[in-house]
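The chains referred to below are lettered A, B, ... by the order of the sequence lines, with proteins before strands, and numbering in each begins at 1.
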Number of protein chains: 2
Amino acid sequence: MQPEISDQILYSFLIGGSCASSTTTTTTRSSFYPFAMEDTSSQDKALATTLRKHREGERMRRERINSSLNKLRNLLSCNPKTDKATLLAKVVQRVNELKQQTLEISNENVPSETDEISVLNFENCSNDDGRIIFKLSFCCEDRPDLMQDLVETLKSLQMETLYAYMTTIGGRTRNDLVVVGNKEQHSVESVKLLQNAFESLLERSNQSVMMGHGGGRERSKRRRPLDHIKRV
Amino acid sequence: MQPEISDQILYSFLIGGSCASSTTTTTTRSSFYPFAMEDTSSQDKALATTLRKHREGERMRRERINSSLNKLRNLLSCNPKTDKATLLAKVVQRVNELKQQTLEISNENVPSETDEISVLNFENCSNDDGRIIFKLSFCCEDRPDLMQDLVETLKSLQMETLYAYMTTIGGRTRNDLVVVGNKEQHSVESVKLLQNAFESLLERSNQSVMMGHGGGRERSKRRRPLDHIKRV
DNA sequence: CGAAACACGTGAGGC
DNA sequence: TGCCTCACGTGTTTC
């Protein structure tokens, strides 16, 4: 876009043609014209090449930056003409969102070392389709028939599983479930039902674990030093 | 940092002091000095304020951009002195990573409309601790005893579940499992074992579904228009 | 016309 | 010293 100024003009300008930068310049200059070569020493030439390198380096730098900016425009799939400031603001927002998402996912599914239950209903999920949705999370000692137990518990409560994220590490398991019930049979109060049902489920887990090998079913082969931790 | 040049000098320079930009300038200028006030008309003053606004606007723009850049420096938790180019390159990389991560997670867990099985072993997970790890994914019609069936199948194969991500939507379910087996009993060949075992598991699923209400267990109450789709 | 965005070349400063 | 990065003010374009 901008017309390229030749180096000749450039360094002549620097040496002789200083205007705003030099306040001592007088009007009585014998030669102001750029191509008056008698004034140009080797020093001036060196300065000129320095400036040229500087200029080119700066251009490369701008290219690198703008290259990344364009990539970001594509990644956020926004208008190619989006200006830098708004683009970067959007990038900040997006990175924040993505960071939080992955954090939630990766942290949520790590089994805790103590037994826990959490039940809540999704008030905001009020699409009025006659269903009521609950989120259920619990951590406990793992056992082979836990899944079966879980399914039967929900069946007895007349509830269905929508999503289940289950993680088992070293004998302990964390389960995050989204379950639905009919509104004819369930209300917000069913939170307590779920709570009670899964408390007894965890209770059964503990008993089965505490009975040891001789009693009920055999324990998981892999043990990690968690058995000594108190139950809540 | 940079010394602020007064508007006076500035617009005088613009009008009278044109050097490199104007090629028609002659040496015979009566007044070249910036502070020759006799030349300053109201037009010049207007031009000066225009320039001042322009300058300030540009400063604001830079501030907005650099503000976002600093936020990104914090978000990526990298050195506050990281230069713009490398910072932006890192941002591109990070956004790509995060995008792919969340995409994998959110897309992987949507049940497909056709029955599918995929088994592979993690060659790269060779920590030589006597265990061999497999990743197992399958989609099929949902049924109440699926989980129990799954657990029993793995038990018969002498394998344990490390992670399980299960999603059920409208009667169809997708299960992604990471299972481990002992290296004394299992090798890479066990991929086929798993494949066969879960093919028959899916086969049982189809039979139980096709038997309808009269036969086996009752079907899920929520139905979506998928039953007519051919099985593979 | 003004407001806003961009690329440019330059001076300053860090290593 | 030279190389690199930044902030700055400007000329230009677009709406």
Side-chain angles (χ1 to χ4, degrees), chain A residues 1-23 34 42-70 72-73 78-91, chain B residues 1-25 34 42-70 72-73 78-91:
Chain A
M1 302 227 181
Q2 202 112 330
E4 184 86 5
I5 302 166
S6 87
D7 292 336
Q8 287 289 357
I9 295 181
L10 202 70
Y11 73 75
S12 298
F13 168 71
L14 271 171
I15 296 125
S18 162
C19 299
S21 55
S22 167
T23 52
S42 62
Q43 225 189 25
D44 301 336
K45 281 176 191 166
L47 218 157
T49 53
T50 296
L51 260 184
R52 203 195 69 237
K53 279 188 181 177
H54 185 23
R55 207 168 52 218
E56 283 171 358
E58 196 56 17
R59 177 157 41 232
M60 300 304 285
R61 180 176 160 269
R62 278 195 296 266
E63 269 176 27
R64 259 180 300 155
I65 291 174
N66 284 331
S67 160
S68 289
L69 287 176
N70 282 329
L72 286 172
R73 269 182 259 262
C78 56
N79 192 329
K81 296 298 291 176
T82 314
D83 68 274
K84 291 182 187 176
T86 31
L87 169 68
L88 286 174
K90 282 184 183 177
V91 170
Chain B
M1 299 220 181
Q2 203 112 331
E4 183 88 3
I5 301 167
S6 88
D7 292 337
Q8 286 290 355
I9 295 180
L10 205 70
Y11 73 77
S12 298
F13 168 70
L14 270 172
I15 294 128
S18 162
C19 299
S21 55
S22 168
T23 52
T24 58
T25 314
S42 63
Q43 227 188 23
D44 301 339
K45 283 175 189 167
L47 219 156
T49 53
T50 295
L51 260 182
R52 204 195 67 236
K53 280 190 180 178
H54 185 24
R55 207 167 53 216
E56 282 171 359
E58 196 53 21
R59 178 156 43 229
M60 299 304 286
R61 179 175 160 270
R62 278 194 297 264
E63 269 177 26
R64 260 179 302 156
I65 291 174
N66 284 331
S67 159
S68 289
L69 287 176
N70 281 330
L72 286 171
R73 270 181 258 260
C78 56
N79 193 329
K81 296 299 289 176
T82 315
D83 69 274
K84 291 182 188 177
T86 34
L87 169 67
L88 285 174
K90 282 185 183 176
V91 170

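- When the C1' atom of C/dA4 is taken as reference, atom CZ of B/Arg64 falls 8 Å away, rounded to whole Å.
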task: Might you work through the side-chain contact (heavy atoms from CB on, under 4.5 Å) test for B/Arg59 and B/Glu63, ending with a clear yes or no?
output: CA-CA 6 Å; B/Arg59 178 156 43 229; B/Glu63 269 177 26; 4.1 Å; yes

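- Residue B/Arg62 places at least one side-chain N or O closer than 4.0 Å to OP1 or OP2 of D/dG9.
- In terms of heavy atoms, B/Arg73 sits closest to B/Pro80 at CD-O, 3.3 Å.
- Rounded to whole Å, the distance from CD on A/Glu63 to C1' on D/dT5 is 16 Å.
- Between A/Arg61 and D/dC4, a side-chain N or O to OP1/OP2 separation shorter than 4.0 Å is absent.
- When the side-chain nitrogen and oxygen atoms of A/Arg55 are compared with OP1 and OP2 of C/dC8, none of them lie within a distance under 4.0 Å.
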field: side-chain hydrogen bond (donor to acceptor under 3.5 Å, both in side chains) between A/Asp83 and A/Thr86, worked out
entry: CA-CA 6 Å; A/Asp83 68 274; A/Thr86 31; 2.5 Å; yes

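- Here the P atom of nucleotide D/dG2 and the CZ atom of A/Arg52 are 14 Å apart, to the nearest Å.
- If you check distances only, the side chain of A/Glu58 never reaches the base of D/dC3 with a donor-acceptor pair under 3.5 Å.
- With the 3.5 Å cutoff on both pairing distances, Watson-Crick and G-U pairs in DNA chain C assemble into runs of at least 3 at C:2-15 with D:2-15.
- Looking at residues two or more places apart in sequence or on another chain, you find a side-chain contact (heavy atoms from CB on, under 4.5 Å) between B/Ser67 and B/Lys71.
- For B/Met60 and C/dA4, the CE to P distance is 10 Å, given to the nearest whole Å.
- Mapping B/Glu56 and B/Ala85 onto DNA chain D by nearest heavy atom places B/Ala85 closer to the 5' end of the strand.
- Minimum atom distance to the side chain of A/Asn66 is reached by C/dA7, of the listed C/dA7, D/dG11, C/dG11.
- Listed by chain and residue number, A/Arg61, B/Ala85 satisfy the side-chain contact (heavy atoms from CB on, under 4.5 Å) test with A/Arg64 (two or more places apart in sequence, or in another chain).
- Whole-Å rounding puts the B/Arg59 CZ to C/dC6 P distance at 18 Å.
- Within the 4.5 Å cutoff, the side chain of B/Thr50 has no heavy atoms near those of the B/Lys53 side chain.
- Distance CD1 (B/Ile65) to C1' (D/dC8): 13 Å, rounded to an integer number of Å.
- A/Lys53 has no side-chain polar atom (N or O) that falls below the 4.0 Å cut-off from OP1 or OP2 of D/dC4.
- For the pairing with B/Val91, the side-chain contact (heavy atoms from CB on, under 4.5 Å) check across A/Leu69, A/Leu88, A/Leu72 returns one residue only, A/Leu72.
- Checked against D/dT5, D/dG9, C/dC6, the side chain of B/His54 finds its nearest nucleotide in C/dC6.
- Straight-line distance from the CG atom of A/Leu47 to the P atom of C/dG9: 17 Å, rounded to whole Å.
- Within the 4.0 Å cut-off from OP1 or OP2 of C/dC15, not a single side-chain nitrogen or oxygen of B/Lys81 is found.
- With rounding to whole Å, B/Leu51 atom CG is found 14 Å from C/dA3 atom C1'.
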